[in-house]
Amino acid sequence: MEFLQYVIDIFLHLDTYLSDLVSQYGVMTYALLFIVIFAETGFVVTPFLPGDSLLFAAGTIASLGSLHIGLVIGILIAAAVLGDTVNYWIGHFLGQKIIDNPKIRFINQEHIDKTEQFFKKYGGKTIILARFVPIVRTFAPFVAGIGCMNYQKFIVFNIIGGCLWVGAFTFLGFLFGNIPFVQKNFHYAVFGIIFLSIIPIIYEFIQSKKHPNVAGLPRSKLKHVVNKE
């Protein structure tokens, strides 16, 4: 219960936490931001880390002059691209063994199935689109690795998606960060970003209820699906 309250407090006062980090650690804040975004995209065990909201908050803090917007965007794009790349190779070499091992319980099979359905619907472009969908964002490169998605195609989609995702949310924070209303009601802005982020998940959940026969793809078909244009 205390941990949940702590997490909620972080989301409510994300700007304050970032401001404190900047004042206490200075340039090391860039490294901390890099680590969080890298972990959120790079490891299937950490999809709960802040993504969209952290990018928005970083842009807001940059608008106040505490961080350099160019460095923030460059570093976080690098973190996002490297995170997806690591996740892809983990899926490629270890993914199937992890999923098939009943003793390993830290991966939610429903998240795997949901991500596979994204690939079935959008093909390789899922790597770009998933950037804007929490949970799926973390599992998409992992599933792409399991399905042996062509790596040249993957890295192109990875870079495009990383640039669009980081650029969009960071610039939103940077542009709106100087507005007095946003500064005084920052937690509402963060919750707004979080709400917009989960709309695709709500939509997919409703669709899955309408079509309950949709299940995880057979592994034999996954390679074809992830390489579909």
- Message: Are more than 12 heavy atoms, taken from residues, nucleotides or ligands other than Phe43, located less than 6.0 Å from that residue's CZ atom?
- Response: yes
- Phe154 and Val226, any side-chain heavy atoms less than 4.5 Å apart: no
- Please report the C-alpha distance between Ile135 and Lys114 in whole Å, then the side-chain angles of each, then the deciding distance to 0.1 Å, and finally whether the side chain to side chain contact (heavy atoms under 4.5 Å, CB included) criterion is met. CA-CA 9 Å; Ile135 306 297; Lys114 184 186 295 291; 5.8 Å; no
- Hey, what do you get for OG1 (Thr170) to CG (Leu33), rounding to the nearest 0.5 Å? 9.5 Å
- Item | Aromatic plane relationship, Phe142 with Phe139 - under 30° parallel, 30 to 60° tilted, over 60° perpendicular | perpendicular
- Query: What heavy-atom pair brings Asp84 and Arg137 nearest, and what distance separates the two atoms?
  - Reply: OD1-O, 4.2 Å
- Message: Within the 4.5 Å heavy-atom criterion, are Leu32 and Val36 side-chain neighbours or not?
- Response: no
- Look up atom CD1 in Ile127 and atom CD1 in Ile159, then write down how far apart they are to the nearest 0.5 Å. 12.5 Å
- His92 and Trp89 aromatic ring geometry - parallel, tilted or perpendicular at 30°/60° bounds: perpendicular
- Backbone of Ala80 reached by a side-chain donor or acceptor of Arg131 within 3.5 Å: yes
- Task: Mind listing the closest non-hydrogen atom pair of Ala78 and Phe34 along with its distance?
- Result: C-CE1, 4.1 Å
- Taking the side chain from Asn158 and the backbone from Val81, do they hold a donor-acceptor pair closer than 3.5 Å? yes
- Query: Rounded to the nearest 0.5 Å, what separation is found between the CD1 atom of Ile90 and the CD1 atom of Ile146?
  - Reply: 11.0 Å
- Check: Asp52 and Phe132 side chains under 4.5 Å, non-hydrogen atoms: no
- Item | Beyond-backbone contact of Val72 with Phe174, side-chain heavy atoms, under 4.5 angstrom | no
- Item | Worked verdict on Tyr30 versus Leu67 for side chain to side chain contact (heavy atoms under 4.5 Å, CB included) | CA-CA 8 Å; Tyr30 294 107; Leu67 296 172; 3.9 Å; yes
- Query: Are side-chain heavy atoms of Thr29 and Gln24 found at a separation under 4.5 Å?
  - Reply: no
- Among pairs that include at least one residue of residues 61-77, which meet salt bridge (Lys or Arg N to Asp or Glu O under 4.0 Å), considering only residues two or more places apart or in two chains? none
- Message: Is it the case that over 12 heavy atoms from other parts of the model lie below 6.0 angstrom from the CD atom of Gln152?
- Response: no
- Do Thr41 and Asn87 have side-chain N/O donor and acceptor atoms under 3.5 Å apart? no
- Interatomic distance, Ile61 atom CD1 to Ser66 atom OG [nearest 0.5 angstrom]: 6.0 Å
- Message: When you compare the side chain of Lys121 with that of Thr126, does any pair of heavy atoms fall below 4.5 Å?
- Response: no
- Could you go step by step and tell me if Phe38 and Val86 meet the side chain to side chain contact (heavy atoms under 4.5 Å, CB included) rule? CA-CA 9 Å; Phe38 174 82; Val86 169; 3.8 Å; yes
- How far does CG of Leu76 sit from SG of Cys163, to the nearest 0.5 angstrom? 11.5 Å
- Query: What is the distance from atom CZ of Phe169 to atom OG of Ser53, rounded to the nearest 0.5 Å?
  - Reply: 9.0 Å
- Do the ring planes of Tyr151 and Tyr88 sit parallel (below 30°), tilted (30 to 60°) or perpendicular (above 60°)? tilted
- Query: So do Met149 and Phe157 actually touch side chain to side chain, heavy atoms under 4.5 Å?
  - Reply: yes
- Message: Are Ile37 and Trp165 packed together at the side-chain level, in the sense that at least one heavy-atom pair is separated by less than 4.5 angstrom?
- Response: yes
